[in-house]
Amino acid sequence: MDNHCVMLIESDLVIRTPLAQYLRDCGFRVVEAFNAEEARIVLAQADLTIDTVFLDADMPEESGFAFAAWMRANHPGVEVILAGSVEKTAAKAGELCKEGPAISKPYDHKIVLDEIRRRIAARARNMDES
Amino acid sequence: MISQKSTAKPDVEIDASPKHVLVVDDDIVIRLLIAEVMRDEGICVIEARSGEDAAGYLKSGGRADLIFSDIQMPGSIDGLQLARYVRETYPSIPVILTSGGIIPQGLNGVVKFVSKPFRLNSVLELVLETLNAAGGAANG
């Protein structure tokens, strides 16, 4: 996972911190953001390349679905993994985003790790085929 | 006389786990830079964007060996209020405050202060020095 950078967008520090630490222990570089506004500031940093964004679908102020749609339009090369409370947000999924949350809360760190690795492997396969 | 190997345990256990520093700043770029430079030194950094976030982390039993906090932050708890709360509730945790404004009065040497803009290496040196002086006192 050399240099693979994951941005975690999660407003709850108590949820975000241990997940970020777990992913760092697994060899990822991890950037933590509180909300979509902070995430956009991070994405604008010229010296920082984000490979994967893991975000809560139920973020404060701006929904994760809307942010995921914005990511697809503005940063199509970045993998986006939606997570969060499926029941609460499923209704919004259809109108805002083609994919619903892949992982629900409370986060199982190993499942998050596996999903990130799965996305990286799928992307690598797609690049090989193209 | 038969010599015996001492099997007594040392009086003081050495805590080899990484130090935990709670970084509190509402500016994500500053938070990110400080956090990265500390992590490169093997420090476990907890990032909070407000005084409420930081206080909530401490109340939940989260470990902090040192707190590095901006003073001017949105919300109901600014850096000075956070420092007072920590001094009263977790007196063993050292606090370093930072600000781009005028040096606040009333710190009375209880907390350290760094003016913004600062050099990251200077902050890191101060953090390491403070952690060493505190000898690993921790919350959580």
Legend entry - salt bridge (charged side-chain N to carboxylate O under 4.0 Å, His left out) pairs, two or more places apart, involving residues 120-130 of chain A: A/Glu79-A/Arg123

Inset, instruction - Would you please indicate yes or no on a ring centroid separation below 6.0 angstrom for A/Phe28 and A/Phe54? - result: no

Legend entry - Interchain contact, A/Ala20 with chain B, by part (heavy-atom threshold 4.5 Å): neither

Inset, instruction - Answer with side chain, backbone, both or neither: which region of A/Gln21 has an atom nearer than 4.5 Å to a non-hydrogen atom of chain B? - result: side chain

Inset, instruction - Answer yes or no: is there a donor N or O on one side and an acceptor on the other, between the side chain of B/Asp78 and the main chain of B/Ile71, under 3.5 Å? - result: no

Legend entry - CA sep, side-chain torsions, deciding dist, call: B/Glu36, A/Arg29, salt bridge (charged side-chain N to carboxylate O under 4.0 Å, His left out): CA-CA 10 Å; B/Glu36 292 259 313; A/Arg29 183 180 184 194; 2.8 Å; yes

Legend entry - A/Asn35 portion near chain B, given a 4.5 angstrom heavy-atom threshold: side chain

